[in-house]
Chemist: 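Take this structure, written in structure tokens, and hold onto it; I'll ask about it next.
Numbers restart at 1 for each chain; the letters A, B, ... are given by sequence-line order, proteins then strands. On a predicted model such as this, the values are computed, not experimentally measured, just so you know.
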Amino acid sequence: MSELRVRFAPSPTGYLHVGGARTALFNWLLARKQGGTFILRIEDTDVERSTKESVDAILQGMQWLGLEWDEGPFYQSDNFELYKEYVRKLLDEGKAYKCFCSADELERKRELAMKEGRKPKYDGTCRERADQPDAPHVVRFRAPQGGEVAFDDLIKGRIAFPAEELDDLVIQRTDGTPTYNFCVVIDDASMRITTVIRGDDHVNNTPRQIQLYQALGFPVPQFAHVPMILGADKARLSKRHGATSVIAYRDMGFLPEALLNYLVRLGWSHGDDEIFSLDEMIQKFDVNNVGRSASVFNTEKLLWLNAHYIKNCDTERLADLLLPHLSKRDVTTLGGPDLMLVVKSLQERAQTLEEMAERAVFYYNAPQGYDEVALAKFEKEHLLAVFAAVVERLSVCTATEPAAIDAIFKEICSENGWKMPQVGQPVRIALSGGTQAPGIGEIINVLGCDEAIRRLQNAVAFLSSK
RNA sequence: GUCCCCUUCGUCUAGCCUGGCCCAGGACACCGCCCUUUCACGGCGGCGACACCGGUUCAAAUCCGGUAGGGGACGCCA
């Protein structure tokens, strides 16, 4: 058992998006690899924006992906007393002070500074203030001045900030609630987090947090800042780029292992390897191989991976996963063809479960109409002759596998002097309604000869009525 | 504006630390051919990148300096 303790700390203000999922995955991978502990902590200090629904959505996303946490979920809202204690401590030690500046006033100063091209940091008005009126106030951290604050990021290398850049941040709001940067430090310290892996939008917060660790007398953990995920236009991934929620990918028919595999390769690599089982990921993952630059989310590659995992998925599990996508289309498998056979015939042809469900509909619902354009390529007499010949042979057919049925079609062809495409395509249309379907032998094998005959007769009736 | 970070094919990336094996390798996508009863799968091949400029060196994608572009942070949000 190693001492490694990592955490994933989302704020419950929305769903678990792919960026968060990747951060969680990297944390989880490292914990599993080193036999460490993976902790889930919900950062809900912003009571206004945090919702129970978001918490549930995040947990659901984590569970779907199989990213099990060892401790938690912990909620920062349960720790308010603890944070207050530390605020008092810093106040007593003179490491923090009360600030009576109003929010409006600060806002004005910020804008002015921006306009004049200065860094809009707090000007320290209340820093050395002698009087302590009994008035509304926030508490600010007295940031040490001079020198620089640096750290060795596991991904980005050494990063240093001049202390002058760091102003006195608010650690407690007027309403008495603590702020993010303060809570993270206390929680990470009290949970004995050894390695903080998080999005790289936190790089700028890190030096402030380090000062806080030092002021509080806590050991500073290691940091690993993961680059962001961008949309196709290289802008930060957001809703307008399409789906960003992990659960949306589930609903679109992606397998969790495919998303995981895609996510792990986004920003990380292991030589030329592309396909990783969970075990291989755990074994091969290393933060040192995480890239330093942002990466673009590419659905095409995700689809390719998904197709790969569908092809190699256990048929029974796939059938289970497919069920909800079928019922979404009002398809009942009861009394219809064996779902296992259906899935097998489609496994190599679908990139998502949605697509597979779409392609499976015809097995359960006989075609209501036919692809007339495709049908028009054949003479009516030819079609009737073909259907008649096939019906005749199928009615005495005892074949129980696709290859045997295909053999029968070869015989029909040679007996009548037809080429395979002249027979296969019409039959395919009669059975499925369209031209894009599994092989004839496969379809009939799944459907059963009786149902196939029924559909061929329907097609004959349809042609005759024209 | 200030600070921090980033920059190899359209995209994900290998190589960079420890210069030469790299006129830069793999994957997705795209194009072509083969297989084929449609659609797919699969096989083979093609297209395609070291941001730019300068320096160091016998030799630079790799080291150094600068420029440009992109992103992030600058909140009583997280």
Chemist: Using atom P in both nucleotides, what's the gap between rG48(B) and rG26(B) to the nearest angstrom?
Modeler: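 After rounding to an integer number of Å, I get 14 Å for this pair.
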Chemist: How many Å lie between CG on Asp46(A) and C1' on rC76(B), as a whole number?
Modeler: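 These atoms are roughly 10 Å apart.
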Chemist: Compute both the distance and the angle, then confirm whether Arg208(A) meets the cation-pi test with Phe141(A): under 6.0 Å from the six-membered ring centre, within 45 degrees of the axis.
Modeler: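 Here Arg208(A) fails the 6.0 Å and 45° test against Phe141(A).
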Chemist: What contact category does Arg49(A) fall into here, base, sugar-phosphate, or nothing, at under 4.0 angstrom with non-hydrogen atoms?
Modeler: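 Counting heavy atoms under 4.0 Å across all strands, the contact made by Arg49(A) includes a base.
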Chemist: Closest to the Pro120(A) side chain: rC76(B), rC74(B), rG72(B)?
Modeler: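 Nucleotide nearest to Pro120(A)'s side chain: rC74(B).
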Chemist: Select base, sugar-phosphate, or nothing to describe what Thr45(A) touches, counting heavy atoms under 4.0 Å on all strands.
Modeler: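 The answer is sugar-phosphate, as Thr45(A) gets under 4.0 Å only of primed atoms, P, OP1 or OP2.
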Chemist: How about Tyr309(A) and Phe254(A): are their ring centroids closer than 6.0 Å?
Modeler: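 No, ring centres 6.0 Å or more apart.
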Chemist: So if I define the base as every atom that isn't primed, P, OP1 or OP2, how would nucleotides 32-41 of chain B read as a B/S/- string at a heavy-atom cutoff under 4.0 Å?
Modeler: -----BBBSS
Chemist: Any side-chain N or O of Arg236(A) less than 4.0 Å from the OP1 or OP2 oxygen of rA73(B)?
Modeler: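 Indeed, a polar side-chain atom of Arg236(A) lies that close.
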Chemist: With the side chain of Glu165(A) defined as its heavy atoms from C-beta on, choose the nearest nucleotide among rC76(B), rC3(B), rA73(B).
Modeler: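 Among the listed nucleotides, the one closest to the side chain of Glu165(A) is rC3(B).
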Chemist: For rG45(B) and rU7(B), measure between their C1' atoms and round to the nearest Å.
Modeler: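 Result for the C1' pair: 32 Å, nearest Å.
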Chemist: Could you encode protein contacts along nucleotides 5-17 of chain B as a string, one character per nucleotide from 5' to 3', using B for base contact, S for sugar-phosphate-only contact and - for no contact, with a heavy-atom cut-off of under 4.0 Å?
Modeler: SSS---SBSS---
Chemist: Rounding to the closest angstrom, what is the interatomic distance between rC23(B) and rA61(B) at atom P?
Modeler: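 Each nucleotide's P atom is 9 Å from the other's.
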Chemist: Using atom CG of Leu302(A) as one end and atom P of rA29(B) as the other, report the distance to the nearest whole Å.
Modeler: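 Computing the Leu302(A):CG to rA29(B):P distance gives 12 Å.
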Chemist: Could you tell me how the ring of Tyr83(A) sits relative to the ring of Phe80(A): parallel (under 30°), tilted (30 to 60°) or perpendicular (over 60°)?
Modeler: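 Tyr83(A) vs Phe80(A) ring planes: tilted.
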Chemist: Hey, is Arg455(A) close enough to Glu451(A) for a salt bridge, meaning N to O under 4.0 Å?
Modeler: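 Salt bridge flag = yes for Glu451(A) with Arg455(A).
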Chemist: What pairs with Thr177(A) under side chain to side chain donor-acceptor pair (under 3.5 Å), at least two apart in sequence or on another chain?
Modeler: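 Residues passing side chain to side chain donor-acceptor pair (under 3.5 Å) with Thr177(A): Arg173(A), Asp175(A).
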Chemist: With distance as the sole criterion, is a donor-acceptor pair present between the side chains of Tyr363(A) and Ser345(A) under 3.5 Å?
Modeler: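 On atom types as modelled, these side chains qualify, holding a pair under 3.5 Å.
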Chemist: Using a strict 4.0 Å threshold on nitrogen-to-oxygen distance, state whether Asp56(A) and Lys52(A) make a salt bridge.
Modeler: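 Between Lys52(A) and Asp56(A) there is a salt bridge, with a charged N closer than 4.0 Å to a carboxylate O.
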Chemist: For the P atoms, the ones on rC31(B) and on rU18(B), what distance do you get once it is rounded to whole angstrom?
Modeler: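 My reading of the P atoms in rC31(B) and rU18(B) gives 44 Å.
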Chemist: Distance between the P atoms of rC76(B) and rG15(B), in whole angstroms?
Modeler: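 To the nearest whole Å, 42 Å.
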Chemist: Under the rule syn = chi within 90° of 0, otherwise anti, which is rC41(B)?
Modeler: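 Syn, angle within 90° of zero.
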Chemist: Starting at CG of Asn261(A) and ending at P of rC28(B), how long is that distance when rounded to a whole Å?
Modeler: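 So the two atoms are 13 Å apart, to the nearest Å.
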Chemist: Looking only at atom C1', what distance separates rA24(B) and rC16(B), rounded to whole Å?
Modeler: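 Here rA24(B) and rC16(B) have their C1' atoms 12 Å from each other.
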Chemist: Determine the Euclidean distance between corresponding C1' atoms of rG42(B) and rC35(B); express it in Å to zero decimal places.
Modeler: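 It works out to 8 Å between them.
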Chemist: Less than 6.0 Å separating the ring centroids of Trp268(A) and Phe285(A)?
Modeler: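 Yes - the distance between ring centres of Trp268(A) and Phe285(A) falls below the 6.0 Å cut-off.
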Chemist: May I ask you to say what Val138(A) touches in the nucleic acid, namely base, sugar-phosphate or nothing, with a heavy-atom cut-off under 4.0 Å?
Modeler: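 Here Val138(A) touches the bases of the nucleic acid.
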Chemist: Can you check the Trp304(A) CH2 to rG26(B) P distance for me, whole Å?
Modeler: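 Whole-Å distance recorded here is 14 Å.
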Chemist: Report the residue from Ile197(A), Asp200(A), Val287(A), Asn27(A) that forms a side-chain contact (heavy atoms from CB on, under 4.5 Å) with Val226(A).
Modeler: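 Between Val226(A) and the candidates, side-chain contact (heavy atoms from CB on, under 4.5 Å) is satisfied uniquely by Ile197(A).
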Chemist: Is it true that Arg108(A) and Glu105(A) have a side-chain N and a carboxylate O under 4.0 angstrom from each other?
Modeler: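 Answer for the salt bridge query: no.
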Chemist: When the P atoms of rU8(B) and rA49(B) are considered, how many whole Å apart are they?
Modeler: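 rU8(B) and rA49(B) have their P atoms separated by 14 Å.
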Chemist: Does a side chain donor of either Thr125(A) or Asp123(A) reach within less than 3.5 Å of an acceptor in the other side chain?
Modeler: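 Short answer, yes.
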Chemist: Would you classify His202(A) as touching base, sugar-phosphate or nothing, given that sugar-phosphate means primed atoms plus P, OP1 and OP2, and contacts are heavy atoms under 4.0 Å?
Modeler: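 Base contact.
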Chemist: Go through the N and O atoms of the side chain of Asn205(A) and the base of rA78(B), and report whether any donor-acceptor pair is under 3.5 Å.
Modeler: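 Indeed there is one.
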Chemist: If you assign Arg110(A) and Glu43(A) each to the RNA chain B nucleotide with the nearest heavy atom, which residue ends up on the more 5' nucleotide?
Modeler: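 Between the two, 5'-proximity favours Arg110(A).
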